[in-house]
Amino acid sequence: MDVSSLYTSISHEKGIEASKRLLEKSGRSSNSTQLCLDLLRLVLYENFFLYGDTYYVQCQGTAIGSNVAPAYANAYMDSFEETFVYTDDRFKQYVDCYLRYIDDIFLIWTGPTDILQAFHQTLNSVYPELHFTMQYDPARISFLDTLVQRDDQGHLSTDIFSKPTDCNSLLHYSSSHPKATRNSLPRSQFTRVARIVSDRDVLPTRLDSMSEKFRERNYPQRLLDQEKSRVLQPQSPSLRPTNKDRVPFVHTFHPLMPKIETAIRKHWPLLARAYPNIPSFTKPPLMCNRRATNIKDKLVRADIGSTRPSGSQSVLTPRRQGTFPCLSCASCSNIIKSDSVTSQNG
């Protein structure tokens, strides 16, 4: 199952109530819970944006990309499941496994198909703004990047899954990214394939397919062979050293930054010897890269700019019905005091 447009379908009142319920269950103090709820109301009710010459406020749901959106959506779905899913007699009788990742739901149904469809219709009838889509199959079903298959004996196996519309969007090896970032991608993707593919006899074939995708993006064959062999050889888990005691040096990535980093590491012992009483100087800083401006940032604009002829006055439009009513209505006129607001923010 999938919840259609979950982020923009959550009622503010229901979402805040669900968040309050989860915060109280976590054992937080009343003051801490109230502070979190006040901040959440600020994020939800004061989320306005400019489109053209008109300000809008989002009256339902949370903005996609907001830091609070995933946790907020999870809190809402948790409350929904506790109230309407787990208490359903059909769920208790026929659902053998129920897993959810934000708005994507995977379940194993052991009952008749018509009762499954009735269960699905019941979920869609709870709230008019919440809509569940459903796909089911007795032998195989895809969930995110995993294909779950059932054999004649009822045993389940998993395999890697790619959508028919999938295109090779892996980072190109010549891209202006830190070398460590580019070299780490094959290992992370090969490890993902190894975790998903349950049949060890099929695993080498799936790794070769992933390797071919990297070859199309100009990754060196030596690097790919090295990371493939690492994944295929069972190794005992090792604890990675932590870097909590190192000062982070955050900078915007540039192709010349490795030379600057080399210079910093080379001369860092001067600080360590000059200031032995400062713990932060005992080890060199942890180099962290911030993404630089790319072509997309220069070509794509969130603000389309003013649509009025130069020198014209601002026109306040009446309040519109729908998810994003206009802020320039009479009840919200205190937000837009003059045309200068538009000129400053546009």
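Computed from a prediction, not measured in an experiment: that's the story for all the values here. All residue numbers in this chain count up from 1 along the given sequence.
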For the residue pair Phe84 and Tyr127, categorise the inter-ring angle as parallel (less than 30°), tilted (30 to 60°) or perpendicular (more than 60°).
perpendicular
How far does CG of Leu37 sit from CD of Glu24, to the nearest 0.5 angstrom?
8.0 Å
Who are the salt bridge (charged side-chain N to carboxylate O under 4.0 Å, His left out) partners of Glu129, not counting sequence neighbours?
Lys14
Euclidean distance, Leu116 CG relative to Thr110 OG1, rounded to 0.5 Å
10.5 Å
Here the gap from Leu35 atom CG to Ser30 atom OG, rounded to the nearest 0.5 Å, amounts to 11.5 Å
For the residue pair Gly15 and Ile10, what are the closest heavy atoms and their distance?
CA-CG2, 3.9 Å
Side-chain heavy atoms of Tyr72 within contact of Val43, under 4.5 Å:
no
So, does Thr8 use its side chain to make a donor-acceptor pair with the main chain of Gly61 at under 3.5 Å?
no
From Ile160 CD1 over to Arg195 CZ, what is the distance, rounded to the nearest 0.5 angstrom?
12.0 Å
Is there a donor-acceptor pair closer than 3.5 Å between any side-chain N or O of Ser198 and the backbone N or O of Thr158?
yes
Which atom pair, heavy atoms only, marks the closest approach of Phe132 to Ile105?
CE2-CD1, 3.8 Å
In a check of side-chain hydrogen bond (donor to acceptor under 3.5 Å, both in side chains) between His172 and each of Ser175, Ser169, Ser174, which one passes?
Ser174
Between Asp159 and Ser157, is any pair of side-chain heavy atoms under 4.5 Å apart?
no
Would a single hydrophobic cluster contain both Val126 and Phe119, if residues Ile, Leu, Val, Met, Phe, Trp and Tyr are joined by side-chain heavy-atom contacts under 4.5 Å?
yes
Check step by step if side-chain contact (heavy atoms from CB on, under 4.5 Å) holds for Val231 and Val193.
CA-CA 9 Å; Val231 170; Val193 172; over 6 Å; no
Given Phe106 and Val148, is the side-chain contact (heavy atoms from CB on, under 4.5 Å) satisfied, shown in steps?
CA-CA 10 Å; Phe106 175 85; Val148 183; 4.0 Å; yes
Quick one: do Lys213 and Asp166 make a salt bridge, cutoff under 4.0 Å?
yes
Please report whether the ring centroid of Tyr98 lies less than 6.0 Å from that of Phe91.
yes
Give me the atom names and distance for the closest heavy-atom approach of Leu44 to Thr62.
CD2-CB, 3.9 Å
NZ (Lys25) with more than 12 external heavy atoms under 6.0 Å:
yes
Would you kindly confirm whether Leu147 and Tyr101 end up in one hydrophobic cluster when ILVMFWY residues are joined by side chain heavy atoms under 4.5 Å apart?
no
Salt-bridged, Arg230 to Glu227, with N to O below 4.0 Å?
yes
Between the CG atom in Leu107 and the CD1 atom in Ile141, the distance rounded to the nearest 0.5 Å is 9.5 Å
In the structure I gave you, are the side-chain heavy atoms of Ser211 and Phe190 within less than 4.5 Å of one another anywhere?
yes
Polar side chain donor-acceptor pair, Gln93 to Asp89, under 3.5 angstrom:
no
Looking at Asp38 and Arg41, is any side-chain nitrogen of the basic one under 4.0 Å from a carboxylate oxygen of the acidic one?
yes
Do Trp268 and Pro285 have side chains that approach each other closer than 4.5 Å (heavy atoms only, starting at C-beta)?
yes
Taking the side chain as every heavy atom from C-beta outward, state whether Met287 and Ile264 have any pair of such atoms under 4.5 Å apart.
yes
So does Leu256 have more than 12 non-hydrogen atoms from other groups sitting under 6.0 Å from CG?
yes
With a 4.5 Å cut-off on side-chain heavy atoms, are Lys179 and Pro258 touching?
no
Nearest atoms (heavy-atom pairs only) where Pro204 meets Asp201
CD-O, 3.6 Å
Tyr86, OH: over 12 other non-hydrogen atoms inside 6.0 angstrom:
yes
Side chains of Leu99 and Phe143, heavy atoms from C-beta outward: is any pair under 4.5 Å?
no
Test side-chain contact (heavy atoms from CB on, under 4.5 Å) on Asn289 and His251 and set out the steps.
CA-CA 5 Å; Asn289 295 288; His251 57 83; 2.8 Å; yes
Step through the shown structure and confirm whether more than 12 heavy atoms of other residues, nucleotides or ligands are within 6.0 Å of CZ on Arg215.
yes
If I compare all heavy atoms of Ser79 with all of Arg21, which pair ends up nearest, and what's the gap?
OG-NH1, 3.3 Å
In terms of heavy-atom contacts, does CZ of Arg192 have more than 12 from other residues, nucleotides or ligands at under 6.0 Å?
yes
Nearest atoms (heavy-atom pairs only) where Tyr7 meets Pro70:
OH-CA, 3.5 Å
Check the surroundings of atom CD in Gln135: do more than 12 heavy atoms from other residues, nucleotides or ligands lie under 6.0 Å from it?
no
Greater than 12 external heavy atoms within 6.0 Å of Asn67's CG:
no
Just wondering, do Val85 and Val95 contact through their side chains at under 4.5 Å, heavy atoms?
no
Pair Leu123, Phe80 - check side-chain contact (heavy atoms from CB on, under 4.5 Å), show working.
CA-CA 10 Å; Leu123 295 182; Phe80 181 88; 4.1 Å; yes
Test of understanding: clusters of I, L, V, M, F, W, Y form through side-chain heavy atoms closer than 4.5 Å, transitively. Do Val57 and Tyr55 belong to the same one?
yes
Rounded at 0.5 Å granularity, tell me how far CE in Met1 sits from CG in Asp104.
12.5 Å
Establish whether Phe249 and Leu271 are linked, either directly or via other cluster members, by ILVMFWY side-chain heavy-atom contacts under 4.5 Å.
yes
For the hydrophobic clusters of this structure (ILVMFWY residues joined by side-chain heavy atoms under 4.5 Å, transitively), does one cluster hold both Leu207 and Leu185?
yes
Counting only heavy atoms not in Arg291 (residues, nucleotides, ligands), do more than 12 fall under 6.0 Å from its CZ?
yes
